[in-house]
Amino acid sequence: MRKLLIVDDEKNIRRGLQAMIEREYTDVYDIHLACDAFEALDILKAVNIDLLITDIRMPEMDGIGLIKSIQDFHLKPVIVIVSGYDDFSYAKAAIRYEVKEYLLKPVIREELAAAIKRAEEELGRREEVIDALSASSEQREEYMESQLNYYAGYPSAEAEEVRERLTQLELNWMDHGFHAVMINYAGDLQALGSMTFKAQFQALIEQLQPSFHFRFVRFFDRNTQAVILTEGMHAARIVTGLLTQADSHLNIAVSGLNYGMEKLYCAYEEAVVSLKHTFMLPAPGIVTFEEVCLKDNGYQVPADTIKRVANMLGSGREKEMLGLLHEILDAADISPKKIGYLEEISRALNEIVFDQTIQLYGKEESTERQQRYSKISDLYQFSCFRDYYREVESLFLLLDGNLQTLKSVQIDNKEMKKAIQYIHENYAQNINMTIISNLVSYNYSYFSQAFRDYTGENFVTYLKKYRIGKAKQLLQTTDDMIYEIAKNSGFENTKNFNRVFKESEGVSPVEYRNQQKVLSASIDQ
């Protein structure tokens, strides 16, 4: 049966379209329903949908967004749009994404039936193309790779469907037992380039193929990992031996022995799990699923130790901190356990240490730290455990130094607040920077720079401005003599007071007082 998906945020419309199609095409379509684009995407990823009927205007993601999201799918459905809006911009977008039909609501049954008929004709043409492609050896391999890639990553595929498709590819020998051998590049794949790796690996297989006295098939999965399905009990051992002799930069994983074409997904997942365990190898090598099954699964993440080492950041106890980190990431302790143990340790380090540190820095976060956080958050961005450990240790040292600096600044701020308070309380006295630097127990030169960093002004300027401010208050609010105000504001004599005041305000203290009296009188009137 064809698989058809109807997407509309209105239940009555979904059901109405379903009823019309089932009346017109009895037992032709296996119909799936979705209330929004996100539910539709989940279905499209899990099921090979042949025909997609979707509304345009839906909440959060509209129909065009849904269509755009499936453009990279290997097997895209034929698409029919139904919409209540005769909008040229939508029609233009639909044309761009090769939508075959555009129907306006309310949908007329005859128009829907005609649209589906034309969609069926398009599906028929596609199948003819596939049949034609499969006649060519090279194109047949491409088709085989796409099918193997699809069903290897499709856990919900029905056994009958898998058997039907793989039988067409003449893979019946898998019923007698097969292994999935998974291979990836142990170095920096991004630096090498995925296309380069593919080309090199294909050349290597062609070179080794004369030694393969058994049936096999190969493909690349979505993560650019090579997968070889090998016939029988012993073929996988021959393949892995030849590969390791030919190239020392490959990590290789071998599934258990599986029987039946419908076990493709199971064998693939066993290889995926086994490949993760190559992360702990001291050098590129081989891990089998049998070895993985023997590893300890009864572990407990050392959360308390991780919290302790997090609390040590910025304390200056570098040696003790690194000792605890080594205890947490001890390869001798991690290797006998399943890789999930290391994954949970990595997750705990991210949540307890690195994520909290990001929050501590907030907007002040540096680009370097952000990039390193981003990399450390995914364990498998590193080619092996050794590289991951080194980056974690390096990041701890960086954060330790940063936090020590941050704490030092916070301490400086506390002492600066103490110095400012002393100035405000004793401005009328004979105070200077030597007195206050001694008060906060700072070196004279260090205090001078710290004070400037905190206030934005040097000590003399700050003190002078504060004294002038107090003098202005006294000139406005008292009838004290000028010499009294000079003394009570901290100036050594009247002459010095008059000079400094005029430099600051542009007028003498007497002129300032007279101006304020005039202003005050005009306000009162």
Side-chain angles (χ1 to χ4, degrees), residues 313-316 357 359-366 369 400-525:
L313 284 170
S315 67
T357 306
Q359 293 175 5
L360 176 64
Y361 281 107
K363 292 181 179 179
E364 306 242 338
E365 184 59 37
S366 72
R369 279 194 296 263
D400 184 55
N402 290 162
L403 287 173
Q404 285 188 57
T405 301
L406 188 61
K407 288 180 179 180
S408 175
V409 170
Q410 291 172 342
I411 292 170
D412 284 351
N413 288 348
K414 179 181 177 182
E415 299 305 328
M416 287 304 104
K417 289 177 182 178
K418 182 179 178 181
I420 295 297
Q421 183 180 357
Y422 185 86
I423 292 171
H424 292 181
E425 293 174 354
N426 298 277
Y427 66 92
Q429 308 302 318
N430 182 21
I431 58 175
N432 55 47
M433 197 162 70
T434 301
I435 293 172
I436 298 182
S437 62
N438 288 334
L439 172 72
V440 296
S441 302
Y442 275 5
N443 171 275
Y444 184 91
S445 298
Y446 181 80
F447 175 79
S448 175
Q449 184 60 47
F451 189 90
R452 182 189 293 273
D453 291 342
Y454 185 71
T455 65
E457 297 177 320
N458 65 42
F459 177 82
V460 173
T461 301
Y462 184 91
L463 179 58
K464 186 188 297 182
K465 283 185 176 180
Y466 193 80
R467 283 173 168 170
I468 290 295
K470 289 297 181 182
K472 288 166 68 176
Q473 289 178 11
L474 293 173
L475 287 167
Q476 293 178 42
T477 60
T478 73
D479 293 324
D480 292 349
M481 301 298 288
I482 298 300
Y483 77 87
E484 291 177 312
I485 291 175
K487 180 181 178 183
N488 292 334
S489 300
F491 291 92
E492 57 188 45
N493 54 57
T494 305
K495 182 178 179 181
N496 176 254
F497 173 54
N498 284 327
R499 179 181 60 78
V500 173
F501 193 95
K502 190 166 185 178
E503 287 175 355
S504 173
E505 304 302 315
V507 294
S508 69
V510 172
E511 289 172 327
Y512 179 82
R513 172 177 273 176
N514 292 335
Q515 286 176 353
Q516 295 303 309
K517 285 180 179 180
V518 171
L519 289 172
S520 179
S522 64
I523 291 172
D524 291 340
Q525 290 175 0

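- The backbone N or O of F501 lies less than 3.5 Å from no partner atom in the side chain of S504, so there is not a single donor-acceptor pair.
- When side chains are defined from C-beta on, K502 does not count as touching V507, because their heavy atoms never get closer than 4.5 Å.
- Checked by atom type and distance alone, the side chain of R467 never pairs as donor or acceptor with a backbone atom of A428 at under 3.5 Å.
- Nearest heavy-atom pair, I431 versus I423, reported as atom, atom and distance to 0.1 Å: CD1-CA, 4.2 Å.
- Scored by the side chain to side chain contact (heavy atoms under 4.5 Å, CB included) test, T477 finds no partners at all (sequence neighbours excluded).
- You'll find the side chain of F459 stays beyond 4.5 Å of the side chain of S448, heavy atoms only.
- Proximity of N432 to V460: side-chain heavy atoms (C-beta onward) are nowhere separated by under 4.5 Å.
- A heavy-atom distance below 4.5 Å is found between the side chains of I420 and H424.
- Contact annotation: the side chain of K464 approaches that of V500 to within less than 4.5 Å [non-hydrogen atoms, C-beta and beyond].
- The two residues L474 and S489 come nearest to each other via the heavy atoms CD1-OG, 3.9 Å.
- Inter-residue side-chain proximity for N498 and P509 is flagged as met; some heavy-atom pair is nearer than 4.5 Å.
- Of the possible polar contacts, none joining the R513 side chain to the S508 backbone as a donor-acceptor pair under 3.5 Å is found.
- Checking side-chain atoms of N496 against main-chain N and O of F491 turns up no donor-acceptor pair under 3.5 Å.
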side-chain contact (heavy atoms from CB on, under 4.5 Å), that's the test. Do L475 and Q516 meet it? Break it down for me.
CA-CA 9 Å; L475 287 167; Q516 295 303 309; over 6 Å; no
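- Applying the salt bridge (charged side-chain N to carboxylate O under 4.0 Å, His left out) test to every pair with at least one member in residues 468-495, sequence neighbours left out, gives these pairs: K472-E505.
- Using a 3.5 Å distance cut-off with no hydrogens or angles, the side chains of Q421 and E425 do pair a donor with an acceptor.
- Put simply, the side chain of M416 reaches to within 4.5 Å of the side chain of F447, judged on heavy atoms.
- Atoms CE and CD1, from M433 and I435 in turn, are 11.5 Å apart once rounded to the nearest 0.5 Å.
- A salt bridge links K465 with E457: the distance from a Lys NZ or Arg NE/NH1/NH2 to an Asp or Glu carboxylate oxygen falls below 4.0 Å.
- The shortest distance between side-chain heavy atoms of F451 and I436 does not fall below 4.5 Å.
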